[in-house]
Amino acid sequence: MPAKTHLFMCLNDNYGVLVHDTATGATAAIDAPEAAPIEAALRAAGWKLSDILVTHHHGDHTGGIAELKKKHRCRVVAPQGEANKIPLVDETVREGDTVTVGKLSAKVIETPGHTLGHITFWFEADKLAFAGDTLFSIGCGRVSEGTPEMMWDSLSKLRKLPDDTRVYCGHEYTLSNIKFAQTVEPGNATLSARAKEAAAQIAAGKPTIPTTIAQEKAANVFLRADDPAVAAAVGLAGKPAAQVFAEVRARKNRF
Ligand SMILES: [Zn+2]
């Protein structure tokens with residue numbers, strides 16, 4: 001049976017999401033920004049928390065773990081590379097490992113750059129990816145701990161996922177990401193269409209995610225640093241993709 005998902009806001013602009021296996025009743029929270037909205041989402045859905053799958057150590061992704069674990073005695077799965085910075089970890093995972101939530105199964109993809117140990121959970125059969133703060137809709141996370149090269153490699157890995165993979169990310173940043181992307185690519189028609197769609201979603205009080213790999217490949221400037229048009233747009237025609245990515249990311253930091 002396919003996975004069910006439930007998406008909701010936490011803190012200011014963080015997303016919380018639950019993944020539920022109807023066959024067994026198992027339910028995972030992807031990250032735990034804060035306990036109360038996750039508890040409310042569990043109550044609303046009538047689900048019981050069995051697991052917390054952590055993408056990276058930042059406090060706005062882990063702040064709710066202690067309270068949730070105390071109440072639900074759920075398993076906490078975290079990236080091996082930064083488990084020592086995450087509370088109450090039961091199991092650590094790394095590249096290629098499989099994590100099960102009931103009968104659902106996720107592959108672990110290491111996506112360092114935002115943090116050095118950041119991971120993405122890819123539920124291949126369900127066509128779902130939980131990318132934390134690596135890939136955003138029309139954006140990507142800040143390169144806080146790694147290097148631009150590392151982040152570009154991570155985004156390149158995510159870009160290889162099937163086009164119809166639905167991608168959930170850690171924050172609602174889509175409108176500001178689009179505003180920035182249009183400064184680099186004012187002529188990108190897919191981006192213009194996405195701008196209209198996202199503005200309508202936000203105006204209606206709806207989330208702009210999940211996005212899809214296909215949509216991001218078409219309109220996300222950070223995923224297209226190897227596109228000659230993007231290189232030319234930032235004055236780096238013919239330069240390596242990682243260098244183009246670094247320039248685009250630096251411009252976003254100043255935006
Ligand atoms: Zn983060």
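Ligands are counted one by one from 1 in listed order, and the atoms in each one are counted from 1 as well.
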Nearest heavy atoms of Ile209 and Leu7, plus distance in Å
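Scanning both residues, the minimum pair turns out to be O-CD2, 3.6 Å.
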
Can a donor-acceptor pair be found, under 3.5 Å and without considering hydrogens, that links the side chain of Gln80 to the backbone of Thr92?
no

Please find out if the Zn ion (ligand 1) and some N, O or S atom of His56 are separated by less than 2.8 Å.
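Here the distance criterion (N, O or S atom, under 2.8 Å) is met by His56, so yes.
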
If you take the centroid of each ring, where Trp contributes its six-membered ring, are His171 and Phe136 closer together than 6.0 Å?
yes

Using only N, O or S atoms, tell me which atom of His58 is closest to the Zn ion (ligand 1).
ND1

Three-point angle His114:NE2, the Zn ion (ligand 1), Asp133:OD2, rounded to the nearest 10°
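That angle is 90°.
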
Intermediate values then yes/no, ring-ring contact (aromatic ring centres under 6.0 Å, His included), His56 and His114
CA-CA 9 Å; His56 67 294; His114 177 66; 4.9 Å; yes

